[in-house]
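Everything below concerns the one structure shown next.
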Amino acid sequence: MDKEHVKKLAGDPKFITGIYNYCDRWCERCPFTSRCMNLALVNEQFPDQESRDINNETFWRGLSETFRLTLDLLKEAAEREGIDLDSLDIEELAGEERFNEEVAESHECCRAAKVYGEMVDDWFDSARDLFGQKEDDLNLNVLPEIPNVGPLGEPDSFEDAVQVIRWYQHQIYVKLMRAIRGDLEEKPEIFDEFPNDSDGSAKVALIAIDRSIAAWGEVRNHYPLSDSDILDLLAHLDRIRRKVERVFPDAREFIRPGFDKIHLNS
Ligand code: SF4
């Protein structure tokens, strides 16, 4: 793959610009696979399951080629925009990044999201007895492809519910970290007229929370014996949801390219 090819792909109107910036990376369930340049590049680079295996040499070769290509494109863009890549104060930037990371990690939303991830593991560990025979049918740690989801992403079945919970279990924390870090880095006087990336990340986290709440509701219907534990999880998720909405009051209104509006290039 060369940079001219990437530029040609980027100019193809069938792709929705930046759609992959605010998605949940669940490509198997994405309604925009044919319009996502990121997925097209991954499929070109790693055409089959075997080449996507991180233990595979082809995977690392492909990744190092992507690294070289990204640097080439970065240099070209820097020249075009007049950005001096050598002038960056690495020390100062690294210090700032470390500080923002620490602030984000200690933020109430992120701490609560991390706890949620652990609560989910605890629940699945303690529910093994409840699952009994079902555990053999349903691998609780792996996400098989079961394309069985409602139009709004709500789970249609118990198996779907487990997949939804597992998919978003840690993603909520990751997206909230990005939202809080972004909020610290955004400069209001410059970006006032543009939508904030932090709101976009917070929206993806909120959607993940909403879907997880729906999925736990489904699990609850199947396992009434575990009701009080599930209610704890639901209450915890609901608290995170309300807190995120208070910290990012504009997040729900953020327009994600493709997902929240029809793209003009369609
Ligand atoms: S937009 Fe869809 S296809 Fe593209 S990376 Fe995100 S989930 Fe995958």
Side-chain angles (χ1 to χ4, degrees), residues 1 3 5-54 58-59 62-63 65-67 69-70 73-74 113 117 142-156 159-179 181-182 195-215 251-266:
M1 195 185 313
K3 61 182 177 184
H5 177 60
V6 175
K7 281 196 231 165
K8 196 167 154 219
L9 279 183
D12 187 334
K14 90 172 171 194
F15 293 125
I16 299 174
T17 309
I19 187 171
Y20 40 80
N21 285 330
Y22 303 104
C23 70
D24 60 12
R25 298 290 159 136
W26 204 345
C27 303
E28 289 85 358
R29 292 195 168 185
C30 180
F32 290 101
T33 48
S34 63
R35 308 208 53 198
C36 173
M37 186 179 128
N38 185 57
L39 185 65
L41 284 170
V42 169
N43 286 342
E44 279 187 15
Q45 197 88 341
F46 308 106
D48 49 49
Q49 196 55 44
E50 200 191 343
S51 65
R52 285 175 211 171
D53 180 357
I54 59 164
T58 319
F59 173 85
L63 215 56
E65 197 188 321
T66 306
F67 170 71
L69 189 64
T70 307
L73 287 167
L74 172 67
V142 176
L143 293 161
E145 284 181 30
I146 304 176
N148 187 17
V149 72
L152 299 175
E154 77 276 22
D156 278 350
E159 285 82 359
D160 277 339
V162 171
Q163 288 193 43
V164 168
I165 289 165
R166 285 303 205 183
W167 189 263
Y168 295 122
Q169 173 183 357
H170 301 295
Q171 195 177 105
I172 294 170
Y173 170 76
V174 171
K175 293 295 176 186
L176 286 177
M177 281 290 291
R178 175 171 154 172
R181 271 196 316 256
N196 289 335
D197 177 74
S198 54
D199 282 330
S201 298
K203 178 166 188 172
V204 179
L206 282 168
I207 291 169
I209 293 169
D210 294 346
R211 290 180 175 176
S212 300
I213 288 175
R252 292 271 187 200
E253 306 310 317
F254 184 92
I255 306 287
R256 295 166 303 156
F259 293 101
D260 294 324
K261 70 173 178 188
I262 303 297
H263 196 262
L264 291 176
N265 286 345
S266 58

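Residue numbers count from 1 along this sequence. Read the numbers this way: they start at 1 and go in the same order the structure lists the ligands and their atoms.
Residue-ligand proximity, Trp26 to ligand 1, at heavy-atom distances under 4.0 Å covers atoms 7 (S). Taking a cut-off of under 4.0 Å to the non-hydrogen atoms of Asn38, the atoms of ligand 1 that pass are 5 (S). Per-residue contacts place Cys23 under 4.0 angstrom from the following atoms of ligand 1 (heavy atoms of the residue considered): 1 (S), 5 (S), 6 (Fe), 7 (S).
What sits closest to atom 8 (Fe) of ligand 1 on the protein, heavy atoms only, is Cys27 SG, 2.3 Å. The protein non-hydrogen atom at the shortest distance from atom 2 (Fe) of ligand 1 is Cys30 SG, 2.3 Å.
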**Request:** Check step by step if side chain to side chain contact (heavy atoms under 4.5 Å, CB included) holds for Phe259 and Cys30.
**Result:** CA-CA 10 Å; Phe259 293 101; Cys30 180; 4.0 Å; yes

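Partner of Arg252 under the salt bridge (charged side-chain N to carboxylate O under 4.0 Å, His left out) criterion, out of Asp260, Asp210, Asp199: Asp210 alone. Considering Val42, Thr17, Leu9 in turn, Leu9 is the only one that fulfils the side chain to side chain contact (heavy atoms under 4.5 Å, CB included) rule with Met37.
A donor-acceptor pair is defined here as one N or O able to donate and one able to accept, closer than 3.5 Å; no such pair exists between the side chain of Asn196 and the backbone of Ser198.
In summary, an N, O or S atom of Cys36 is located under 2.8 Å from atom 4 (Fe) of ligand 1.
Side chains of Gln163 and Arg166: a donor-acceptor N/O pair is absent below 3.5 angstrom, by distance only.
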